[in-house]
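Read the structure below first, then the notes.
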Amino acid sequence: MQRKRSRLDIVYDMLLTMSNKGGRIKPTHLMYKANLSHTQMKLYLDELIEKNLVEEQKAKKDERKTLLLTEKGFAFIQKFNQMKEFEKTFGI
Amino acid sequence: MVYWLDFVYSPPGFYGKDIAIDILSAIVVLLIGIFSFRNFSIDRKNKKHLFLGSAFILLGLSFIAKILTNVLSHTETVLSSQMMIPLFGREIISSYSFIPAIGFLLYSLLTLFGFYIIYVLSSKDELSMNYVIIAYFILISTYFSRFTYFFVYITAFIFLFAIARRYFLQYKKNNYLNTMLLGISFSIITLSQFVFIFTSSDHGLYVLAEIVQLVGYLFLIYTFIMVLRNATKKKQA
């Protein structure tokens, strides 16, 4: 049985999903790809935007918004990967 | 009362080079310590990052203590023989040896606690009274190192041997190359502590021990670089 994802794992999954899509994704796609409910998605997204890891972009007035992964977001993914590799190596 | 430690310093031909080796070793452990603290800032729920970071910082501080001790000892030797003894007399100068002695005790204490924390983290043992007992033995080892310095190296050797063994056992389970590299790094550092034990009978062995130590810490930084490189590859994949 798979263990429950931690808060940090969910944040990482969201950012990685965005990164795999070239750093740009529709919110609905992100919700499905990161396996989140609507409430969870809103909660986490607000936090990511507040921490400048993700930006919202609206091209035209009537167009649906797109989410953009910031430089800080890309850097976070790298730091997280390094941390996981370090944990695996040291067995911590 | 001031005890003069039977501490083997570098042979004259190796002055400076030993300090350079210790500076490099200090940089390696401090880098890993800082990296571990950074990891803790990302995942505050995993306290092991905090403990591992503290262990490596303690090792870094122990090297700084050793470097300062050696610098003082080398300076003292040169100054004592050339200027100080004719000026102030042998009695005043010999009491100056108190500073390197304190430096060596500090080095011993920090090294042993640093290795001990890594040893505990490499095991899956639960918290128990063993920790208090081992902390007591570390203090005892440090105390006796005032009379015979190699007590410290024997204790460090035992910790390091156990650490290396645990990383190899872990490698058998996870089959992860970086864990094996970590085991090799700690094995080489273990070997250096083993050579340090015998430096009282042959001062030339001090050079060998320092070189083995350098190889061990270079291997450790190589492992650390491999960890970072694997993370970058993962990102690209």
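Just so you know, these numbers use all the heavy atoms, side chains as well, and skip hydrogens, waters and symmetry mates. Naming convention: chains lettered A, B, ... in sequence-line order (proteins, then strands); numbering from 1 in each chain.
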Side chain, backbone, both or neither: which part of [X] has a heavy atom under 4.5 Å from chain A?
{"X": "B:Leu52", "answer": "side chain"}
{"X": "B:Asn174", "answer": "side chain"}
{"X": "B:Ile42", "answer": "both"}
{"X": "B:Tyr171", "answer": "neither"}

Margin query: Quick one, B:Phe196 with B:Tyr206, criterion ring pair (Phe, Tyr, Trp, His ring centres under 6.0 Å). Give me CA distance, side-chain angles, the key distance, then yes/no.
Written below: CA-CA 6 Å; B:Phe196 271 123; B:Tyr206 184 88; 5.8 Å; yes
Item checked: Pair B:Phe224 and B:Phe56, ring centroids less than 6.0 Å apart -> no
Note to self: Can a side-chain donor-acceptor contact be found between B:Asp22 and B:Gln213 if the only test is distance below 3.5 angstrom?
What the structure shows: yes
Check: Any chance CZ of B:Phe168 has more than 12 other-residue heavy atoms, nucleotides or ligands included, within less than 6.0 Å?
Finding: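 Atom CZ in B:Phe168 is packed in, count exceeds 12.
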